[in-house]
Amino acid sequence: MVAAVRVHKYGGPEVLTYEEIEVGAPGPGQLRVKQHASGVNYIDTYFRMGMYPSPVGLPFVAGNEGAGEVVAVGPGVTDFKVGDRVGYVVALGCYAAERLVPADRAVKLPATIGYEQAAGMMLKGMTVEYLVRRTFKVEKGQNVLMHAAAGGVGLILCQWANHLGANVIGTVGSKDKAELAKANGCHHTILYRDEDFVARVKEITGGKLCDVVYDGIGKSTFPASLDCIRPLGMFVSFGSASGQIDAFNINILQTKGSLFATRPTLNTYAAKRADLLSIADNLFKVVESGAVKIPVNQKYPLRDAAQAHKDLESRNTTGSTILLP
Ligand SMILES: NC(=O)c1ccc[n+]([C@@H]2O[C@H](COP(=O)([O-])OP(=O)(O)OC[C@H]3O[C@@H](n4cnc5c(N)ncnc54)[C@H](OP(=O)(O)O)[C@@H]3O)[C@@H](O)[C@H]2O)c1
């Protein structure tokens with residue numbers, strides 16, 4: 001039996017239940033992994049409350065990001081052996097001391113990447129890779145707006161976009177978060193709870209507006225985010241921390257300047273193993289170069305997963321959050 005955090009019914013943080021579960025031997029194509037750390041992500045709250053239905057029904061083990069050591073390999077697995085250090089993004093099952101992982105979703109960790117760092121970046125960092133290199137290729141001199149710039153995805157994206165030579169503008173919920181975003185590559189910060197962020201983006205860019213807006217906030221920043229984008233620019237709606245955007249008339253993209261809009265997810269970009277490996281490799285390289293650091297700013301024992309969710313949803317966290325078994 002191993003420790004795990006399960007959801008038996010959808011709801012608030014209180015439904016996260018710390019208990020013992022059985023983990024069997026790995027089946028064909030599977031690895032059994034002793035986890036050293038599990039990442040906490042906003043998507044974990046969507047599954048917990050049922051906004052994203054669990055693909056395995058109820059109960060389920062929460063969590064979508066982790067890192068650990070292979071302790072057994074199932075039949076047919078040739079790429080991994082016992083003792084390998086791996087990181088992964090897998091839908092559910094990550095808040096556990098040990099788990100089974102499909103081998104085709106695991107990535108070997110370079111010796112320079114620690115387990116806690118990996119658990120803080122496999123999901124968030126690979127997301128940033130596809131956002132700034134694939135969904136929209138950020139280039140030198142472009143204006144980029146990142147909402148929740150001091151968050152988990154936010155601090156990584158600010159550093160990476162800065163490294164690519166962009167002028168990075170970030171919205172943040174407090175003055176402390178503004179300081180932190182600035183220390184992590186953000187050139188300009190906007191306190192969007194107090195300031196009109198559209199007016200500030202106009203001012204900062206001298207009226208040119210942004211080439212791309214990365215919006216993981218959703219309901220409360222839409223449609224204002226569209227007013228921050230230059231004609232023919234790109235609106236990337238990649239999350240819903242404040243709730244999902246209501247259905248809208250697509251003609252709004254015409255009136256705001258023939259904008260492009262997309263609602264991407266890492267699952268699509270990393271669906272093929274070759275793409276998963278290439279995204280992970282680019283992430284490892286940028287971290288190993290020192291251009292992007294992974295700020296793991298909150299660590300909780302696994303049994304305190306509910307507190308981690310409370311803190312994340314009440315906007316009390318910055319950077320990455322991990323759980324330790
Ligand atoms: N599509 C994908 O592939 C993908 C992958 C990873 C993450 N995501 C999305 O990226 C976003 C960020 O994820 P994360 O895990 O890094 O979380 P996070 O940014 O660390 O936390 C969410 C942040 O959103 C801001 N926020 C604004 N309004 C909020 C509200 N009403 N309630 C709670 N928070 C609010 C808060 O920052 P302030 O206090 O500064 O406002 C809060 O700290 C989420 O929407 C997530 O779903 C998408």
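Whatever order the structure lists ligands and atoms in, that order sets their numbers, starting from 1.
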Taking non-hydrogen atoms only, is Pro264 closer than 4.0 angstrom to ligand 1 via side chain, backbone, both or neither? backbone

Region of Arg193 that comes within reach of ligand 1 [heavy atoms, distance under 4.0 Å]: neither

Measure the distance from atom 17 (O) of ligand 1 to every protein heavy atom, then report the residue, atom name and distance (to 0.1 Å) of the closest one. Tyr42 CD1, 3.7 Å

Ligand 1 and Lys124, any nitrogen or oxygen pair closer than 3.5 angstrom? no

Fit a plane to each ring of Tyr269 and Tyr130, take the angle between them on a 0 to 90° scale, and name the class: parallel (under 30°), tilted (30 to 60°) or perpendicular (over 60°). parallel

Counting from 1 in the order shown, the ligand 1 atoms closer than 4.0 Å to a non-hydrogen atom of Asn41 are 15 (O)

Can you classify the ring geometry of Tyr192 versus His147 as parallel (below 30°), tilted (30 to 60°) or perpendicular (above 60°)? parallel

Could you tell me whether Thr171 and ligand 1 have an N or O pair separated by under 3.5 Å? no

Return the residue, atom name and 0.1 Å-rounded distance of the protein heavy atom closest to atom 2 (C) of ligand 1. Tyr130 OH, 3.3 Å

Is Glu288 paired with Lys285 through a side-chain N to carboxylate O contact shorter than 4.0 Å? no

Any nitrogen or oxygen of Leu312, side chain or backbone, less than 3.5 Å from one on ligand 1? no

Quick check on side chain to side chain contact (heavy atoms under 4.5 Å, CB included): which of Gln142, Lys208, His187 does Asn167 satisfy it with? His187

I'd like to check which ligand 1 atoms, numbered from 1 as shown, lie under 4.0 Å from a non-hydrogen atom of Val172. 40 (O)

Identify which of Gly152, Gly218, Ala178, Ala148 has a heavy atom lying nearest to atom 18 (P) of ligand 1. Gly152

As an exercise, identify every atom of ligand 1 less than 4.0 angstrom from a heavy atom of Ser240. 45 (O)

Are Arg48 and Glu313 ion-paired here, with the side-chain N under 4.0 Å from a carboxylate O? yes

Report yes if the side chains of Ile190 and Ile204 come closer than 4.5 Å at any heavy-atom pair, otherwise no. yes

Please report which non-hydrogen protein atom sits nearest to atom 32 (N) of ligand 1, along with the residue it belongs to and the distance in Å to one decimal place. Ala241 O, 3.4 Å

Is it the side chain, the backbone, both or neither of Leu123 that has a heavy atom closer than 4.0 Å to ligand 1? side chain

Those atoms of ligand 1 less than 4.0 Å from some heavy atom in Ile217: 24 (O), 25 (C), 26 (N), 27 (C), 28 (N)

Please write down residue, atom name and distance for the protein heavy atom closest to atom 47 (O) of ligand 1. Tyr46 OH, 2.8 Å

Could you tell me whether Ser174 approaches ligand 1 through its side chain, its backbone, both or neither, with non-hydrogen atoms closer than 4.0 Å? neither

side-chain hydrogen bond (donor to acceptor under 3.5 Å, both in side chains), that's the test. Do Asn297 and Thr318 meet it? Break it down for me. CA-CA 6 Å; Asn297 291 349; Thr318 59; 2.9 Å; yes

Nearest protein heavy atom with distance in Å, relative to atom 16 (O) of ligand 1: Val153 N, 2.8 Å

Closest approach of any protein heavy atom to atom 40 (O) of ligand 1, naming residue and atom: Gly173 N, 2.8 Å

For atom 34 (N) of ligand 1, grab the closest protein heavy atom and report residue, atom and distance to one decimal in Å. Arg315 CG, 3.4 Å

Given the side-chain rings of Tyr95 and Tyr18, with only the six-membered ring counted for Trp, is the space between their centroids under 6.0 Å? no

From the options Tyr214, Tyr269, Phe238, Tyr52, select the one whose nearest heavy atom is closest to atom 1 (N) of ligand 1. Phe238

Of all the atoms in ligand 1, which lie at a distance below 4.0 Å from a heavy atom belonging to Thr127? 3 (O), 4 (C), 5 (C), 6 (C)

Test of proximity, Gly319 against ligand 1: N or O pairs below 3.5 Å: no

Could you go through the salt bridge (Lys or Arg N to Asp or Glu O under 4.0 Å) check for Glu179 and Lys182 one step at a time? CA-CA 5 Å; Glu179 294 290 312; Lys182 281 203 170 132; over 6 Å; no

With heavy atoms of Lys177 as the reference, note each atom of ligand 1 found under 4.0 Å away. 37 (O), 38 (P), 39 (O), 40 (O), 43 (O)

For Leu266, take its heavy atoms, then give the atoms of ligand 1 lying under 4.0 Å from any of them. 3 (O)

Quick one: does Tyr192 get an N or O within less than 3.5 Å of an N or O on ligand 1? yes

Should the proximity of Arg263 to ligand 1, defined as any heavy atom under 4.0 Å, be assigned to the side chain, the backbone, both, or neither? side chain

Flag the pair Glu69 and Lys34 as a salt bridge only when some basic side-chain nitrogen lies within less than 4.0 angstrom of an acidic carboxylate oxygen. no

Aromatic ring pairing Tyr52/Phe47, orientation class (parallel under 30°, perpendicular over 60°, tilted between): perpendicular

Gly216 neighbourhood, listing ligand 1 atoms whose heavy-atom distance to it stays under 4.0 Å: 11 (C), 44 (C), 45 (O)

the protein heavy atom lying closest to atom 19 (O) of ligand 1 turns out to be Gly151 CA, 3.5 Å

Residue among Val128, Ile322, Ile113 satisfying side chain to side chain contact (heavy atoms under 4.5 Å, CB included) with Met121: Ile113

